[in-house]
K.L.:
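Have a look at this one.
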Amino acid sequence: KTHIMIHHSLTKDTQTVSWGAIQTYHISERNWDDIGYHWGVENAYGNFLAMLGRQEYEPAAACYQDGMNRKAIHICCVGNFDEQKVPDGMLTVLMKRLIKPIMERHDIHRDNIVFHREYAEYKSCPGNNFTKEMLLERL
């Protein structure tokens with residue numbers, strides 16, 4: 001893999017485990033064979049958790065543009081970051097548990113941390129309140 005792509009679920013984080021509901025939606029409504037992402041971060045019962053999706057060696061089903069399903073590890077942050085700000089705890093878990101280890105495992109350069117909206121310009125994903133600077137300042 002050459003990139004890490006960040007998404008948001010565009011749903012309200014209910015602070016319970018909704019990762020399974022996203023997986024069910026992707027399988028039953030989108031007819032995908034699994035959840036579209038490799039990893040997720042969500043607030044479950046007051047703690048931000050890294051959630052496992054499909055295996056990293058499998059292509060994602062989250063961004064077909066420019067072959068990014070095969071090129072990138074896809075991470076979804078549960079929440080609607082067009083309407084809310086990204087919680088600091090989510091950014092901490094995203095960087096510490098996911099982005100930094102993935103960068104090391106796959107030798108991915110910081111310039112290859114990308115947002116879904118960079119490839120699907122009709123989307124705001126991972127939300128208008130989510131900036132690249134929020135991530136890069138934590139590296």
K.L.:
Does E42 reach the main-chain N or O of L49 with its side chain, forming a donor-acceptor pair under 3.5 Å?
P.N.:
no
K.L.:
If you count the non-hydrogen atoms of other residues, nucleotides and ligands that lie under 6.0 Å from CD in E121, is the total more than 12?
P.N.:
no
K.L.:
Is there a path of hydrophobic side-chain contacts, each under 4.5 Å between heavy atoms, that joins L139 and I102?
P.N.:
yes
K.L.:
Quick check: does any side chain N or O of D82 sit under 3.5 Å from a backbone N or O of N128, one acting as donor and the other as acceptor?
P.N.:
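Yes, because the side chain of D82 sits within donor-acceptor range (under 3.5 Å) of the backbone of N128.
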K.L.:
Would you check if the side chain of R54 reaches a backbone N or O of I35 as a donor-acceptor pair within less than 3.5 Å?
P.N.:
yes
K.L.:
Kindly determine whether F130 and S124 satisfy side chain to side chain contact (heavy atoms under 4.5 Å, CB included), including the steps that lead there.
P.N.:
CA-CA 9 Å; F130 204 136; S124 65; over 6 Å; no
K.L.:
Return yes when atom CG of D107 has more than 12 non-hydrogen atoms of other residues, nucleotides or ligands closer than 6.0 Å, and no otherwise.
P.N.:
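12 or below, so no.
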K.L.:
When you compare the side chain of K1 with that of I4, does any pair of heavy atoms fall below 4.5 Å?
P.N.:
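Sidechains of K1 and I4: no contact.
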K.L.:
Check step by step if side-chain hydrogen bond (donor to acceptor under 3.5 Å, both in side chains) holds for E58 and H38.
P.N.:
CA-CA 8 Å; E58 296 175 334; H38 298 102; over 6 Å; no
K.L.:
For residues V78 and L10: do they belong to one hydrophobic cluster (side chain heavy atoms under 4.5 Å, members Ile, Leu, Val, Met, Phe, Trp, Tyr)?
P.N.:
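Per the 4.5 Å side-chain linkage, V78 and L10 are not co-clustered.
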K.L.:
When you look at M5 and Y37, which way does the side chain to side chain contact (heavy atoms under 4.5 Å, CB included) test go after all the steps?
P.N.:
CA-CA 10 Å; M5 182 174 280; Y37 315 106; over 6 Å; no
K.L.:
Apply the side-chain hydrogen bond (donor to acceptor under 3.5 Å, both in side chains) test between H7 and each candidate in H74, K123, R117; give the one that qualifies.
P.N.:
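Answer to the side-chain hydrogen bond (donor to acceptor under 3.5 Å, both in side chains) test with H7 among H74, K123, R117: H74.
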K.L.:
Below 4.5 Å, heavy atoms only, C-beta onward: do T131 and M134 meet side chain to side chain?
P.N.:
yes
K.L.:
Just by distance, do the side chain of H3 and the backbone of I113 share a donor-acceptor pair under 3.5 Å?
P.N.:
no
K.L.:
May I have the list of side-chain donor-acceptor pairs in residues 63-70 shorter than 3.5 Å, sequence neighbours left out?
P.N.:
{"from": "Q65", "atom 1": "NE2", "to": "Y122", "atom 2": "OH", "distance (Å)": "3.4"}
{"from": "N69", "atom 1": "OD1", "to": "A62", "atom 2": "N", "distance (Å)": "2.9"}
{"from": "N69", "atom 1": "OD1", "to": "C63", "atom 2": "N", "distance (Å)": "2.7"}

K.L.:
Donor-acceptor pair, T11 side chain versus G79 backbone, under 3.5 Å?
P.N.:
no
K.L.:
Quick check on the hydrophobic clustering: are I27 and M51 connected, directly or via other members, by side-chain heavy-atom contacts under 4.5 Å?
P.N.:
no
K.L.:
Mind checking the OH-SG spacing from Y119 to C125? Nearest 0.5 Å is all I need.
P.N.:
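So the gap between those two atoms works out to 13.5 Å.
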K.L.:
Going only through I, L, V, M, F, W and Y residues with side-chain contacts under 4.5 Å, is there a path from I99 to F81?
P.N.:
yes
K.L.:
Indicate, with yes or no, if V41 and F115 share a hydrophobic cluster defined by side-chain heavy-atom contacts under 4.5 Å among Ile, Leu, Val, Met, Phe, Trp and Tyr.
P.N.:
yes
K.L.:
Under the side chain to side chain contact (heavy atoms under 4.5 Å, CB included) rule, what do S9 and I22 come out as? Steps first, then yes or no, please.
P.N.:
CA-CA 8 Å; S9 64; I22 295 169; 4.0 Å; yes
K.L.:
Go through it in stages, so that I can follow the logic: the residues are H8 and N80, the test is side chain to side chain contact (heavy atoms under 4.5 Å, CB included), and I'd like the CA-CA distance, side-chain angles, deciding distance and then a yes or no.
P.N.:
CA-CA 6 Å; H8 69 153; N80 182 342; 3.9 Å; yes
K.L.:
Nearest 0.5 Å, what's the CG-CD distance between N31 and E29?
P.N.:
8.0 Å
K.L.:
Might you point out which heavy atoms bring Q23 and D34 nearest each other, and give the distance in Å?
P.N.:
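The answer is NE2-OD1, 2.7 Å.
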K.L.:
With distance as the sole test, does W19 use its side chain to make a donor-acceptor pair with the main-chain N or O of W39 at under 3.5 Å?
P.N.:
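Not at all, since once roles are kept as given, no pair shorter than 3.5 Å links the two residues.
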K.L.:
Atom CD1 of I75 and atom CG of L98: how far apart are they, to the nearest 0.5 Å?
P.N.:
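If we round to the nearest 0.5 Å, I75:CD1 and L98:CG are 5.0 Å apart.
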K.L.:
Output a table of donor-acceptor pairs, distance under 3.5 Å, between side-chain atoms of residues 83-95 and any protein atom two or more places apart or on a different chain; print 'none' if there are none.
P.N.:
{"from": "D88", "atom 1": "OD1", "to": "R138", "atom 2": "NH2", "distance (Å)": "2.2"}
{"from": "T92", "atom 1": "OG1", "to": "D88", "atom 2": "O", "distance (Å)": "3.1"}
{"from": "T92", "atom 1": "OG1", "to": "R138", "atom 2": "NH1", "distance (Å)": "3.2"}

K.L.:
If you measure from the Lys or Arg side-chain nitrogens to the Asp or Glu carboxylate oxygens, is any gap between K132 and E118 under 4.0 Å?
P.N.:
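Yes, this pair counts.
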K.L.:
Could you check whether any side-chain N or O of H109 sits under 3.5 Å from a backbone N or O of D111, counting only pairs where one atom can act as donor and the other as acceptor?
P.N.:
yes
